[in-house]
A.B. asks: 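Input: one structure, supplied below.
Here is the naming used below: chain letters follow the sequence lines, and residue numbers restart at 1 for every chain.
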2 protein chains.
Amino acid sequence: MAKKILIVGGVAAGPKAAARCRRLDPEAEITVVERQDLVSYSGCGLPFYIEGVIEDYNQLLGGATIRDAAYFRDHRGFTVLDRTEAKRINRDRKTVTVLDLRTGETREHPYDALVLATGASPIVPRIEGVDLEGVHRLYNPRDARAIKEAVDAGARRVAIVGGGLIGLETCGAFAARGCQVTILEMMNQLVPNLLDPEMSQLLENYLASKGIKVVKGSPVSKIVGKQGRATAVETADGRKVETDLVVVAIGVRPNVELARDAGLTIGPTGAVAVDEHLRTSDPAIYAGGDCAECTHTVTGEKVYAPMGSTANKHGRVIADNINGLETVFSGVAGTAVFKVLDWHCGATGITERKTRQLGVDAVTALCPRHDYSEYIPGARHTVIKLVADRKTCRLLGCQAVGEGDGVKRIDVAATAIKFGSNIKGLADLDLGYAPSYSTAIDALAHAANVLRNKVQGNAHGVSPLELREMLDGGRDFVLLDVRSREEHLAQTFRDPRTVNIPVEELKSRHAELPKDKLIVTFCATSVRAYIEERTLRGLGFHDVRFLDGSLRAWPFPGYLTR
Amino acid sequence: MAKKILIVGGVAAGPKAAARCRRLDPEAEITVVERQDLVSYSGCGLPFYIEGVIEDYNQLLGGATIRDAAYFRDHRGFTVLDRTEAKRINRDRKTVTVLDLRTGETREHPYDALVLATGASPIVPRIEGVDLEGVHRLYNPRDARAIKEAVDAGARRVAIVGGGLIGLETCGAFAARGCQVTILEMMNQLVPNLLDPEMSQLLENYLASKGIKVVKGSPVSKIVGKQGRATAVETADGRKVETDLVVVAIGVRPNVELARDAGLTIGPTGAVAVDEHLRTSDPAIYAGGDCAECTHTVTGEKVYAPMGSTANKHGRVIADNINGLETVFSGVAGTAVFKVLDWHCGATGITERKTRQLGVDAVTALCPRHDYSEYIPGARHTVIKLVADRKTCRLLGCQAVGEGDGVKRIDVAATAIKFGSNIKGLADLDLGYAPSYSTAIDALAHAANVLRNKVQGNAHGVSPLELREMLDGGRDFVLLDVRSREEHLAQTFRDPRTVNIPVEELKSRHAELPKDKLIVTFCATSVRAYIEERTLRGLGFHDVRFLDGSLRAWPFPGYLTR
């Protein structure tokens, strides 16, 4: 008898599982039920629609071929029931009670294998004013259309509640349309899960240069309205942002009601618990996509990391297992990439902050580098941060921000991390080199070499956060600018402990420097600063360190001249 | 006493080794001798200078800071003796006899550690006319300047002898400047070491669409001249290409005379043999960069793979070993990337052809995919070919050609190959996904999934080369176009065995197809063709295969309508 496969959820993991089941078993009865009338849409494309980069609304629904029930029937060979809500799983008799939202009719749908791909829902804070007109979520194409129409109709001041991935992608879209954007972030930095504070601050400086304001460190407490329309957003610490339009993007929450009501195990992350075959606590029921939790390949911890790419992989793994292929989902590395205006940002693995939480002794490198040979017009800087375990030298994380192509490096680092690479392995990679694609020593390999130098004891760094603390304190040390006099005069630290001795004069002038004090060298990108750390140590200076990333990766412009 | 480190060669590996030695040992006496007066120049940038993308000649020499002897003395702390030729290694007394080419003076330079970074020289065929005016090599910045001046002076018809990496990069440069370019390649395809024939043919078709001619399959036998100037190039099989300018780019040969004369072992590749620490057969002598051979990480074979990126890695490894760090060079994966006009091409690992030479049972995937979500304007196609070992499922190679960003995928594949990834590992990668950077299932993961389907017996491919053979022969089979009628009418195979049954009609019309014949399905990109292979097999058709890559990766336009 034909196997009955029932899939709840029609956006990403669901249709993928259905399509693959169809290919693996021509006989099976495959049904997808989806509460919305939109199926298989591109949630990740919504900011691009708001920006106007995607002009045609239908592109979000599959483009030339709208992926509706008829499409899936005729082209993919399975049944989609849209506007159909799964109300209850009856595990004892292996059925799901479904409600046809068009007719109000309820019936029981039998299954041999059930797939929960119920997705996630945007988190809406329970604050005053959240239901006012002009307060939007950004979850499905209709939300994007409503927002776009509001901007088309003249909304200019935009408040985005939440400085995470979606908030940032969306802020770029609004700014590109000429809106005056303010991001309100409860934490004291943007995207804390992906970027360490100094990296996040570089991004924030870029946003500021584009006129995008960031209000951090306090949650939004109230949305103020006038005649039913939102006019301002207030934070708990009393700041107020006037606005024409509010987008709430503080994250999503897995839709687990169906699973929980059926007694399936919900994991510590709040998402449906699954084993490596993506089976829930009931072996006939699978879960995947934004409703299920994942294992982080670096920490081994369970994490909630909803991503369209992961959802597609889940769909395939589930279909394989339903059809006896016993495929394992090997977890996620926490990879995320995002574009904000002309900056390319991303991260994979874990942050330095996370290593501290885990009690790992981390070594880090902070390297501003060209994405390709600087003599090719168009080469741009990206700042790369690497995080590794000092003891084992295992690569743990990589972050990149800047106008250069850091995203390629994130993909390479994600690959290296998956295979447990140490920092030498990363430096050794035979990456493609041509002047239009990279530098002879790729930015990532360069950063790995910096880590190797540090681990070997040949390089000693001071991070921007550490230096800021030293600058704020009264410590007696020398901040040595090893750049040329012209560079020094153009811009340097405002601190009186700053001294300029250009590289070529150091051998003759080192007597001017004290041997009993810490010397922190810096230059533009930290290449020369590192070399001069070595030179000074060779000359008998014992406490010399270089500023990680030097001026190009310095996140606190207030400390600099001009 | 200070260690004496002598380095022969001042372009890439040499200065790198010197700089790193300086950082590791502030006391050492470090000297680089270089025969030319140009040191540390950017050999890889030469085509960009000819094209005019790099406008300033000095950019090839280091840009704002020319990397000459004074620079290295003042900024890197070591001595460079340019115009100084190493004539002989006196291993017994650990000296090198050097000739000052300016004064004609000869003397002996002592060493504790000697580094051979003597580079390579362009191969010049011994044919009539090769010394005529207008026949250029492309090896150092002066060559590039001479070529550029010739184009500036009106040379329009350009013959490039050699369809390898440098020939291709250079052809793009000439074409961009409006020249009429012909590439003459002795083998019957372009870049045979990097690309399999069908991939190479796609590139050749692109070149043809840009007016670049390729004359293949016969070596150049003669360069014809008039009044001392080259006017035409002739091939051994009698073809003749009229020309104003000839560039000979048939490859380079390692400069090993010094090593060979000193009795050091020369490897089977013709380059200096080195161990994993890059020591030659004399433990006091190291060799790196374009004069040394490498181990291929996939085959374990010794290969000659001169690359600027490898030279820099070599320099670092040598310096480490001179200074007791015992660093190992882990080999190369044969990675190369190159840009030809608007196409991005590359390869890593080994080709399918090479697997046959090695007797490996290979499984391949050929996948034309968008580099990022097709609803984002600017998304473009790249064709990816993967090669894996059918038995172990280990990834062996990846090739990419097209206007889309295949180069990022080459880097990811190179990383996966380094760590011995199998095809599931590649498909499982947690790569960064956002619509402006990739598709939810990245092009590379998609190709890996195709391989998995093939290995699992769920997909059966026919390669373009196999189909061409079938089309040329009399075999009775059905070539089934599963695209819509509109797509079919726009362009399809000219062969009478072609039948069109669109996907949505297949279930009702499959009776029209014979069950006793091979059916080869195709569509635009092979996604639908694969699905319909599954559908037909489900319907009881036993011999169904899909055309790998379908029309978008079909390399032989002569077989198509219009």
A.B. asks: Under a 4.5 Å heavy-atom cut-off, does chain A meet the side chain of B:E27, its backbone, both or neither?
C.D. replies: side chain
A.B. asks: Distance alone, cut at 3.5 Å: any donor-acceptor contact between the side chains of A:N453 and A:Y530?
C.D. replies: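 Yes, side-chain donor-acceptor contact under 3.5 Å.
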A.B. asks: Ring centres of B:Y437 and B:Y372 under 6.0 Å apart?
C.D. replies: no
A.B. asks: Between B:L539 and chain A, which part of the residue has a heavy atom less than 4.5 Å away: side chain, backbone, both or neither?
C.D. replies: neither
A.B. asks: Quick check against the 3.5 Å criterion: does B:R528 have a side-chain atom that pairs as donor or acceptor with the backbone of B:P502?
C.D. replies: no
A.B. asks: Just say parallel, tilted or perpendicular for the rings of B:F419 and A:F419, cut-offs at 30° and 60°.
C.D. replies: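 The rings of B:F419 and A:F419 lie parallel, inter-plane angle below 30°.
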A.B. asks: Report which part of B:K339 has an atom under 4.5 Å of a heavy atom belonging to chain A: side chain, backbone, both, or neither.
C.D. replies: both
A.B. asks: Please flag which part of B:S438 lies under 4.5 Å from any non-hydrogen atom of chain A: side chain, backbone, both or neither.
C.D. replies: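 Looking at B:S438, nothing touches chain A.
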A.B. asks: Please classify the contact between B:Q456 and chain A as side chain, backbone, both or neither, with a heavy-atom cut-off of under 4.5 Å.
C.D. replies: side chain
A.B. asks: With a 4.5 angstrom heavy-atom cut-off, could you sort out which part of B:A427 is near chain A: side chain, backbone, both or neither?
C.D. replies: backbone
A.B. asks: What's the separation between atom CG in A:D56 and atom OH in A:Y49, rounded to the nearest 0.5 Å?
C.D. replies: 8.0 Å
A.B. asks: Are the side chain of B:K418 and the backbone N or O of A:D428 linked by a donor-acceptor pair below 3.5 Å?
C.D. replies: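 Absent.
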A.B. asks: What part of B:I410 is in contact with chain A, defined as an atom under 4.5 angstrom from a non-hydrogen atom: side chain, backbone, both or neither?
C.D. replies: neither
A.B. asks: Is chain A contacted by the side chain of B:R316, its backbone, both, or neither, given a heavy-atom distance below 4.5 Å?
C.D. replies: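 It is the side chain, since no backbone atom gets that close.
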